[in-house]
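Have a look at the structure below, then the notes.
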Amino acid sequence: MPFQPVILITDALFFILTALLVVFILFARKREHISRPWKKVFKRSTGAVSLVVLSTYYSIAVLDSMHFNPRLENASTEQATYSNEILSVLDVFMTPMRTQVEKTFSAPLATHLLSKVMVPQEDGSMQQVYPRLKYGGAHLENPDQDKLVDIVLLVVRGILYAAIVWLVMWAVISFIYSRKVKLTISKSISKLFSSDQEYPVCAIAITTGIIITIVSVSMVVGSYYHLFGTDKVGQDVFYQAIKSIRTGILIGTLTTIVMLPVAITLGAMAGFFRGWVDDVIQYLYTTLNSIPGVLLIAASILLVQIYMSNNEENFNSLVERADIRLLFLCLILGITSWTGLCRLLRAETFKLREMEYIQAATAFGVTKFRILVRHVMPNFMHIVLITVALDFSGLVLAEAVLSYINIGVDPATNSWGNMINQARLEMARDPVVWWSLTAAFVFMFILVLFANLFADVVRDALDPRVAGSE
Amino acid sequence: MAARRIYKTILLVILTIPILQGCGDKQWNNPYRDADTDKAIIYSAFQERPKELDPVKSYSASEYTFISQIYEPPLQYHYLKRPYQLIPLTATHMPTKVYLDDQGNELPAETNPDDIVFTDYIVQIQQGIKYQPHPALAQKDSGDYYYHELTQTDLNDVYVLADFAYQGSRELTANDYVYQIKRLAHPNLHSPLAGLLGNYIVDFKDYRERVLKAIEEHDESQWMDLRSIDMEGLEVLDDYSYRIRVKGVYPQFIYWLSMPFFSPIPWEADKFYAQSGMEERNISFDWYPIGTGPFMLTENNPNLRMVLDRNPNFHGESYPTEGEPGDEQMGLLEDAGKPLPLADKVVFSLEKESIPYFNKFLQGYYDTSGITSDSFDQSVELNSQGEFGLTEEMREKDIQLASAVQPSLFYLGFNMRDPVLGGDSESARLLRRAISIAVDYDEFISIFKNGRGIPAQGPIPPGIYGYEKGEAGINPYVYNWENNRPVRKSITEAKQLMVDAGYADGIDQKSGRPLILYFDTVSRGADTKALLNWMIKQFKKIDIELVIRGTDVNRYYDKIRDGKVQIYTLGWNADYPDPENFFFLLYGPHSVLDSKGQNYSNYSNPEFDALFDQMKNMENGPERMALIRQMNEIVRADAPWVWAFNPKGYSLYHSWYKNVKPNAMANNNIKYRRVEPEVRAQLREQWNKPILWPLYLLMFILIVTIIPAIRGYYQREKAKAL
Amino acid sequence: MISYIIRRLLYAIPILIGVNIITFILFFVVNSPDHMAISQLGEKHTTPEQIEEWKRERGYHLPLLVNETETGIEKLTETIFFQKSIKLFVFDFGNSDSGRNIGYDISNRMWPSLAIAVPNLILGLLVTITLALIIAFFRATYIDYWAVVICVALMSISALFYIIGGQFVIGKLLQVVPISGYDTGLEAIKFLILPVIIGVVGGIGSGTRWYRTIFLEEINKDYVRTARSKGLSEQLVLFRHVLRNALIPILTGVVVVLPMLFMGSLLVESFFGIPGLGSYTIDAINSQDFAIVRSMVYLGSVLYIIGLILTDISYTLVDPRIRLN
């Protein structure tokens with residue numbers, strides 16, 4: 001085998017989450033009462049567009065979660081040996097960007113290093129010059145003249161590829177659609193993109209077009225130049241920003257699935273059983289809530305570090321250590337953030353308990369557990385989903401702040417927080433090294449913005465109060 | 001009508017802004033009070049909060065910045081002369097050294113060191129030196145002290161030391177020096193030097209025990225007077241001289257006498273601070289030093305700023321009249337013979353972040369600034385001779401550059417007890433040498449330090465006796481001498497060493513498995529990741545798979561202490577300019593595993609250890625040099641460390657800041673510095689004109705966006721009214 | 001009323017005990033005093049005896065929960081748990097690991113924190129409520145739509161960018177205010193302008209959007225419709241009825257954060273070098289000074305509980321329909 005798969009703990013959890021998501025979709029499709037509000041989400045163009053953008057981020061995170069050890073070439077023994085290096089599928093796609101490491105800083109799309117270096121000349125003297133990059137624009141004979149044309153050509157090439165992919169994609173979609181509505185292809189296309197179409201197909205088409213173009217152009221240009229320049233040790237900043245997506249998505253999603261079981265069980269129990277159960281649970285979440293979150297996280301991260309150095313043999317590679325720390329960060333963020341949802345659910349269960357159908361069920365002698373699972377929980381699921389959607393963006397933002405205080409993800413993990421933290425110092429340079437900060441800003445901003453927009457739409461669609469008033 | 005009113009208000013607001021701007025041409029961004037602009041104040045910054053300012057405990061640069069200006073040990077380093085030279089500070093002359101046998105009889109100076117049992121150091125101090133004004137020394141006419149019997153009610157309105165109304169002073173005596181040395185031995189004060197001095201000063205260790213016993217018998221509410229317990233090794237000869245008795249021969253002892261550990265402490269202050277209620281107010285030696293030096297601490301707010309004022313009782317000292325050749329041309333002797341200190345006041349502001357620090361320096365609000373790797377490109381560039389010079393931008397501002405290689409060493413250590421890397425086997429030695437070549441510290445310096453350092457060639461850094469320049473000084477196992485400079489050996493050679501060591505292509509020939517090594521590090525800060533990636537890359541060059549194990553600082557030291565590391569990094573700053581201070585880090589009996597010493601690699605080579613014992617007691621000279629060369633050769637061949645680099649300190653200072661000469665050993669430099677406030681005021685004004693047009697533009701845009709809103713509002717109102 | 005407050009205060013005690021237990025586990029069981037000693041004593045020339053002495057001096061040499069060497073009640077009191085945790089109840093914070101008195105430092109550093117937090121809160125409220133009112137006035141128009149989109153966009157920017165950007169542009173490029181620092185008295189104003197502006201701007205997005213929903217909820221209520229149908233002008237309706245009634249959720253939302261203002265802002269304070277409690281906390285985390293972190297955890301919990309009680313009380317004050325029982 002050319003590789004040996006590696007499944008990190010966060011990978012496993014993330015795949016479980018993804019599987020759950022798929023199961024939920026399949027499950028909901030059949031059930032009108034569940035799928036109706038979601039259809040409402042897709043019918044809003046904001047919802048549909050956000051969903052497309054978020055799915056793109058999500059797929060990148062999925063690709064980046066498939067890890068493996070590549071096979072070592074030079075091993076002399078018969079038996080295949082594998083490198084200790086852990087790569088992901090995304091790394092394979094981005095190989096030129098991953099491996100093309102320059103010496104130090106270079107500006108976006110530059111062909112030369114940012115600062116001058118002494119270079120011995122042929123006559124033995126030393127001269128100060130901006131050295132050419134090893135990889136960025138290395139194919140150019142005469143970068144000063146040819147660079148612009150070359151980049152324009154590359155962009156055009158990227159757009160061309162994108163156009164082809166996009167056309168094929170939409171041709172397939174149109175074809176499937178035509179089979180479904182049983183119309184000729186041309187008629188179904190015009191129907192698909194018509195303004196009275198139920199779903200905002202036009203908006204989706206434009207968004208996918210833009211995303212495909214961005215991906216294709218950055219792949220094409222990125223293999224010849226450093227799109228967002230390079231950082232202090234010459235690593236491609238664009239590559240780092242893309243690699244950071246996984247961290248952002250994982251923190252946003254894993255934290256919620258970690259806290260959901262706790263919040264749901266405790267919230268439902270407190271609201272349903274009342275009495276001392278309610279008191280204990282209330283006590284628990286008030287106590288946890290009253291501890292300033294940052295300090296709790298700081299203390300717990302230290303705990304993890306100590307645990308890891310005590311059990312060193314279990315964490316052989318940097319990636320594994322960073323992974324454990326990421327997992328713990330999710331856990332701790334989960335501990336600090338489940339209380340809000342728990343409180344909401346408790347109040348909702350309180351209300352539901354008094355509903356006639358539950359009173360009736362109790363009267364019929366249905367067991368309490370069954371009532372909770374069959375009648376109470378399904379009726380507050382919308383609150384859970386809204387909270388998950390609303391929390392997501394907050395968690396992504398929190399990661400950046402925590403990394404600034406050195407209690408976020410491991411410094412070795414690619415994350416926007418780490419990028420900002422590093423770039424902060426670079427802002428004092430002259431010329432200003434703005435690209436790391438900008439790259440982190442752009443990628444983070446897009447994710448958080450669309451997550452926020454999506455959460456809004458989800459809330460509007462799922463919340464019976466808002467939905468009812470419209 | 002209402003619309004017009006609103007427009008009018010907006011117009012008014014816009015018109016008032018330029019008026020605001022006109023009110024005085026002082027700088028808006030001046031972080032200091034405007035009244036201080038013309039005064040001879042030195043503005044400096046501290047990046048790290050000092051932990052404590054007690055000379056018994058302080059042992060870091062961030063603390064020495066302050067206490068070295070306040071406390072005066074008997075000796076100091078000459079400010080200008082190089083190599084570093086000790087001169088008297090409060091002493092009248094250099095301490096006299098007397099060798100004794102076990103009976104206490106004096107021996108001639110030429111006695112064989114093995115026959116010397118004790119060495120006496122007799123220090124004679126100047127008469128008439130007085131302490132800074134301090135409430136602990138305030139005496140009533142009756143001779144009683146004002147503040148030695150304080151009650152809780154007396155302390156009600158006391159928050160800082162300045163809240164005590166009376167202050168007093170008295171003459172410095174030899175007793176005060178002896179008192180402080182006893183404090184060094186005090187078990188509750190945890191002097192970092194106590195362990196070391198216990199090995200040298202006679203009766204120092206037992207003294208600790210006696211004090212401990214005395215504390216147990218002592219009434220806790222009362223102050224424990226150390227004067228009542230004597231130490232054999234210390235004797236006050238008269239008011240102005242005292243004697244320290246050291247076991248055997250320890251020539252390096254004299255260097256310690258220039259460190260704040262050996263400053264005088266008046267017993268009155270100890271008693272004063274020991275009173276109950278003081279600690280709750282943070283009134284203690286830790287925060288309120290009392291010294292005889294040129295400055296005294298008048299404002300003490302480690303969260304914001306520390307202010308040193310001229311000590312009115314300073315005994316007087318004058319600027320040195322001679323220096324190194326070249327100092328005169330540099331203008332360093334312009335103030336020769338003038339009374340010190342040359343400035344009235346020093347303001348240190350807390351500046352934790354390097355960006356604001358550097359920006360404020362550029363704005364003229366700090367007189368001096370270090371160069372971080374991020375501000376380096378902006379301030380320094382290589383000139384045509386291949387030397388570092390200032391950039392155009394800096395030269396325009398008439399900023400000056402001072403640089404010096406520091407007597408410090410960073411190293412990448414191997415644990416010599418490790419089964420793979422350690423030990424005396426040829427294979428391990430070759431492997432270590434291969435790594436020494438592969439880990440390219442020349443590149444490290446250029447990437448992570450912007451060239452602010454030189455690759456180290458051995459344990460001795462430049463500026464310390466035993467360091468050799470040029471071809472003679474290179475490490476022949478890592479460097480070749482080509483074209484008059486050291487050139488790192490090629491990776492091919494390193495790979496050959498790997499083959500010889502039995503690890504061809506990174507595969508262990510015995511087991512057939514790839515060689516995996518572990519690097520322990522403190523994973524912290526933004527730079528860590530880049531640095532670790534770089535490290536992995538270095539080992540990859542000779543096909544070694546490097547696994548990083550990052551931990552927090554505490555754990556890291558734990559692991560080193562327990563010998564659980566394979567490869568680690570550490571640094572060492574010279575305590576004093578003597579090769580002994582570096583070689584002892586590799587001295588076998590100092591191994592961290594056996595004796596909790598500072599030999600963290602647990603390196604042990606009997607030949608080296610024997611040479612060390614011989615070398616450490618020698619005076620500098622050709623014989624000592626020969627021994628040092630031998631020792632260097634042994635450790636270079638054994639390669640227990642990768643000699644990483646000696647950092648080079650660069651600092652920038654403004655044209656109005658005079659008499660700057662880097663001195664890595666001395667910390668009491670501020671008294672020599674002079675500022676020209678007029679020049680500074682003028683330049684600050686020139687550099688800090690606020691730029692306001694973007695704010696106007698912003699306001700204009702806001703108004704433009706508001707107008708349609710207001711119009712919409714009225715239209716709506718009108719529509720409703722109809 | 002008074003009996004209610006007393007009861008609430010009594011209810012706070014078990015919570016504070018819980019907080020104490022959690023912090024105790026985190027700070028003593030997980031990170032042993034040996035580590036603290038080493039990090040505080042420094043690395044050069046430290047011996048195991050010194051570590052022992054350091055621990056004894058600070059009371060870290062005691063056993064964690066039960067002291068077998070003592071007798072009677074001292075079995076429980078001569079322990080780290082009692083000495084270090086129970087004393088927090090009477091706000092006796094003791095000394096930090098580096099030796100300074102924590103209570104003294106907290107009382108000193110509280111003021112700079114408030115000097116930023118209070119103007120920040122007041123200005124922030126003024127700006128966001130005004131904006132929200134304007135948006136509510138133009139509800140269901142394109143202005144409303146775009147205002148909400150802009151709010152969401154502003155919300156999506158990390159606080160770090162506001163701070164880094166603000167400091168870079170206003171402090172460094174425009175040279176209008178000092179880049180960082182602090183001073184006592186009125187001189188502090190010039191240092192506070194930039195952090196406060198950044199704080200206010202950073203809060204515009206979420207604040208405006210939140211208040212807009214409150215206003216809209218209020219506007220859709222029946223009494224507003226009645227008022228409007230009486231022929232009152234839109235301004236009057238908004239100011240007299242909507243704003244007044246919306247003040248209840250706004251006020252209670254503010255009251256709950258009031259005590260937390262003491263804790264200061266972690267990011268702003270450390271970026272601008274303001275010696276408040278926020279930067280105190282960050283420094284403590286970075287230097288691993290657990291005595292300070294522990295004290296701050298406790299202080300934060302107390303303030304949070306005070307906030308909860310204040311909220312309940314303010315409910316009754318603004319809305320007579322709610323009775324405390």
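Order of the sequence lines sets the chain letters (A, B, ...), proteins ahead of strands, with each chain counted from 1.
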4.5 Å side-chain heavy-atom contact, B:Pro694 and C:Leu174: yes
Non-hydrogen side-chain atoms of C:Lys172 and B:Leu362 separated by less than 4.5 Å: no
Between [X] and chain B, with a heavy-atom cut-off of 4.5 Å, which part of the residue counts as in contact: side chain, backbone, both or neither?
X	value
C:Val176	both
C:Ser270	backbone
C:Asn108	neither
C:Tyr182	both
C:Leu173	backbone
C:Phe138	both

B:Glu48, CD: over 12 other non-hydrogen atoms inside 6.0 angstrom: no
Passing option when C:Pro178 is tested against B:Asn688, B:Asn29, B:Asn30 for side-chain contact (heavy atoms from CB on, under 4.5 Å): B:Asn29
Salt bridge (Lys or Arg N to Asp or Glu O under 4.0 Å) partners of residues 137-147 of chain C, not counting sequence neighbours, each pair once: C:Arg139-C:Glu234, C:Asp144-C:Arg212
Pairs meeting criterion salt bridge (Lys or Arg N to Asp or Glu O under 4.0 Å) with involvement of residues 355-365 of chain B, two or more places apart: B:Glu351-B:Lys360
[X] versus chain C, the contacting section by heavy-atom distance below 4.5 Å:
X	result
B:Trp687	backbone
B:Tyr32	backbone
B:Lys689	backbone

Gap between atom CG of C:Asp105 and atom CG of B:Asn303 - 0.5 Å precision: 5.5 Å
Approximate separation, where rounding is to 0.5 Å, of C:Thr184 OG1 and B:Asn301 CG: 8.5 Å
Residue selection (most heavy-atom pairs with chain C, distance under 4.5 Å) from B:Pro356, B:Pro31, B:Pro302: B:Pro31
For B:Trp28 against C:Gln175, the heavy-atom pair lying closest together: CB-O, 4.5 Å
Exam field: side chain C:Asn101 to backbone B:Asn282, donor-acceptor pair closer than 3.5 Å: no
Check: C:Tyr104 side chain, B:Tyr159 main-chain N or O, donor-acceptor pair, under 3.5 Å: yes
